[in-house]
Amino acid sequence: MNRGAKYAAENAIRELAARPFVFSAHEVARLADLSRGAPAVENALRISCLNQNIMFLGDLHAGASRGYFLGRDPALRWWCGYTLRLARLGINRLRPPQLQAAMALALDRRGWNTLPANLLHLGRQTGMVADGGAPDALVFPWATLLQANPAGVEAYRLMFFHQSPPDGLRGLTLDTILDDLLAQLPEQQADIMRKRYGLDGAHLTLAQLGAHYHVTRERIRQIQNNASRHIAQSPFQLALWWAFIADFMRGGCALLIPNSQLTPKRRFLYAMIRLDATSVPEFDAQIIGPANHVKDYRECLRRDRHEAAEADGRCAAADALPFLPARELQRLGDLEEQRREKRAGKNMPRMIVKALRSLGRAAHYAEIAQTCDALFPDNQKSTRSWHNALSLYAKPGKEEFGIVWIGVKGVYGLKEHGYFRPAEGLYQSIPRIVREQFARTQRPVSFDAVVREVSKQRREFNHSSVKMALAFSDQIKKANRGYLPAPAAPTAAESKYDIPAALQAFTSSKRQENESEDE
């Protein structure tokens, strides 16, 4: 590559970087005043793109003639404008094919085979796009923030369009912004705001401030509201939003904030810019985003979801909070699993459900008791206690925890694993099987045929129990090559003993004996 071609390409790229347009390789060559087929153009452009903030859009392996070039600053301005459009349309989540089509349309270039990886990487670096919880989904945290408070659009536009704070805000920190802001308020309002939000270390209630100023708590509330309205209408609103954007980016663009990280200054900042940051006491955290979605998620947490599998916590978060990136959904899932374990440690049926889920199958109550003691060493109980709890919560009408007796002595499982309580016992089902099989074939029913029919109705059973039911049932008789239905037993009317009459006479005699003893 000759020196002239290199300098010409660099001059072309400097001009390119200043323009919010996309150029093809041939257009860049024209800007560089190089011939269209100059062999040095491609290498010069690639080297200059590496040395300067130029985005190459397209397939890097297909040659420069199939790619497009975009300056980094125009790319950031494009991301900002694109995020604003998504916010106004109420879109938080897109899949790559949709994003690819939208990018091509916005940049007026069509026919991309894949997403421009470097442009997408730039969006991830600035927090404008993040991986979603669903496969191949992308979420847009900044679009979520702008929906949470549309008043921040102007600060967002200034911050990213110019890539620097507006004039007058350069070099200012959150501390200096808050100090200057409170200095603009009347002395009483500034003091109340500091003490209400604990900016000076002491967090006072309305009643305490009312006693201090010898007014009612309602009057303190009015003063606080007046100060908040004054701040919302002051030029400092832009400065507060700039401070929030800077703080948000330093924190990794996280939308899930533990309460331990919510300092008094951050709480004051969120309140003054009226950002939707809804508290989730179950996790001791706050979620920044549309408040209605967070309220729906909290309602989902309040419902008793002991029948749900462990993975359903993340699924519920993904459904209720569609604007959260994958990492935030993962954190919520981990927090919910910890919460479930704490709740399970104080509740025997939930402890049993946890043990059966860890086993992944039905088990004898002794094995379940051993697993529960291993999972919850601080809540160990006797095997008899675990058996009593299993018997209680596996009864018909008590199966809300999903624990079922599967028809084998002392063995229990979960509905979610495909187990169920048999509708009838072996001593009722086996005679019926023998009658049905004999009526169909008119031949003795073999033991294997009975076992096959029982296996269609029960997931697990003991062969010895089937043998006992065949041997001791008075409705079955043994034949040479199997089993036959036994003749029907005589009814009470056909019997030589009148059992109902005998029981009635016995009851009457006992009643008379008791009455004579009382006399």
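The chain is numbered in sequence order, starting from 1.
- One finds the NZ atom of Lys467 at 5.0 Å from the CZ atom of Phe447 (value rounded to the nearest 0.5 Å).
- Every ring-ring contact (aromatic ring centres under 6.0 Å, His included) that Trp241 has, sequence neighbours left out, goes to Phe244.
- For Leu375, the side-chain contact (heavy atoms from CB on, under 4.5 Å) partners at least two apart in sequence or on another chain are Lys354, Ala355, Ser358, Thr371.
- Applying the salt bridge (Lys or Arg N to Asp or Glu O under 4.0 Å) rule to Arg124 yields the partners Asp131; only residues at least two apart in sequence or on another chain are considered.
- Applying the side-chain contact (heavy atoms from CB on, under 4.5 Å) rule to Pro290 yields the partners Thr144, Asn292, His293, Phe323; only residues at least two apart in sequence or on another chain are considered.
- A salt bridge is absent between Glu453 and Arg458; no separation between the charged side-chain nitrogens and carboxylate oxygens falls under 4.0 Å.
- With sequence neighbours excluded, no residue satisfies salt bridge (Lys or Arg N to Asp or Glu O under 4.0 Å) with Arg274.
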Please tabulate, one pair per line, all N/O donor-acceptor pairs under 3.5 Å involving side-chain atoms of residues 259-272, not counting sequence neighbours.
{"residue": "Asn259", "atom": "ND2", "partner": "Asp284", "partner atom": "O", "Å": "3.4"}
{"residue": "Asn259", "atom": "ND2", "partner": "Asp284", "partner atom": "OD1", "Å": "2.7"}
{"residue": "Thr263", "atom": "OG1", "partner": "Arg266", "partner atom": "N", "Å": "3.3"}
{"residue": "Lys265", "atom": "NZ", "partner": "Asp175", "partner atom": "OD1", "Å": "2.3"}
{"residue": "Arg266", "atom": "NE", "partner": "Asp247", "partner atom": "OD2", "Å": "3.2"}
{"residue": "Arg266", "atom": "NH1", "partner": "Gln261", "partner atom": "O", "Å": "2.8"}
{"residue": "Arg266", "atom": "NH2", "partner": "Asp247", "partner atom": "OD1", "Å": "3.2"}
{"residue": "Arg267", "atom": "NE", "partner": "Leu262", "partner atom": "O", "Å": "3.4"}

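- In terms of the ring-ring contact (aromatic ring centres under 6.0 Å, His included) criterion, His417 has no residue partners (sequence neighbours excluded).
- For Gln208, the side-chain contact (heavy atoms from CB on, under 4.5 Å) partners are Leu204, Thr205, not counting sequence neighbours.
- Applying the salt bridge (Lys or Arg N to Asp or Glu O under 4.0 Å) rule to Lys409 yields no partners; only residues at least two apart in sequence or on another chain are considered.
- Ring orientation note: the planes of Trp79 and Phe140 are tilted relative to one another, at an angle of 30° to 60°.
- Shown here are the side-chain contact (heavy atoms from CB on, under 4.5 Å) partners of Pro377, two or more places apart in sequence or in another chain: Gln380.
- Remark: Lys415 is not positioned above the aromatic ring of Phe420, lacking an NZ or CZ atom under 6.0 angstrom from the ring centre and at most 45 degrees off the axis.
- Ring centers of Trp405 and Tyr419: at least 6.0 Å apart, outside the cut-off.
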For residues 429-436, dump all side-chain donor-acceptor pairs below 3.5 Å to protein atoms at least two apart in sequence or in another chain.
{"residue": "Ser429", "atom": "OG", "partner": "Gly425", "partner atom": "O", "Å": "3.1"}
{"residue": "Arg432", "atom": "NE", "partner": "Glu424", "partner atom": "OE2", "Å": "3.0"}
{"residue": "Arg432", "atom": "NH1", "partner": "Glu436", "partner atom": "OE2", "Å": "3.4"}
{"residue": "Arg432", "atom": "NH2", "partner": "Glu424", "partner atom": "OE2", "Å": "2.5"}
{"residue": "Arg432", "atom": "NH2", "partner": "Gln457", "partner atom": "OE1", "Å": "3.4"}
{"residue": "Arg435", "atom": "NH1", "partner": "Gln475", "partner atom": "OE1", "Å": "2.9"}

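- Listed by chain and number, the residues in a salt bridge (Lys or Arg N to Asp or Glu O under 4.0 Å) with Asp319 amount to none (sequence neighbours excluded).
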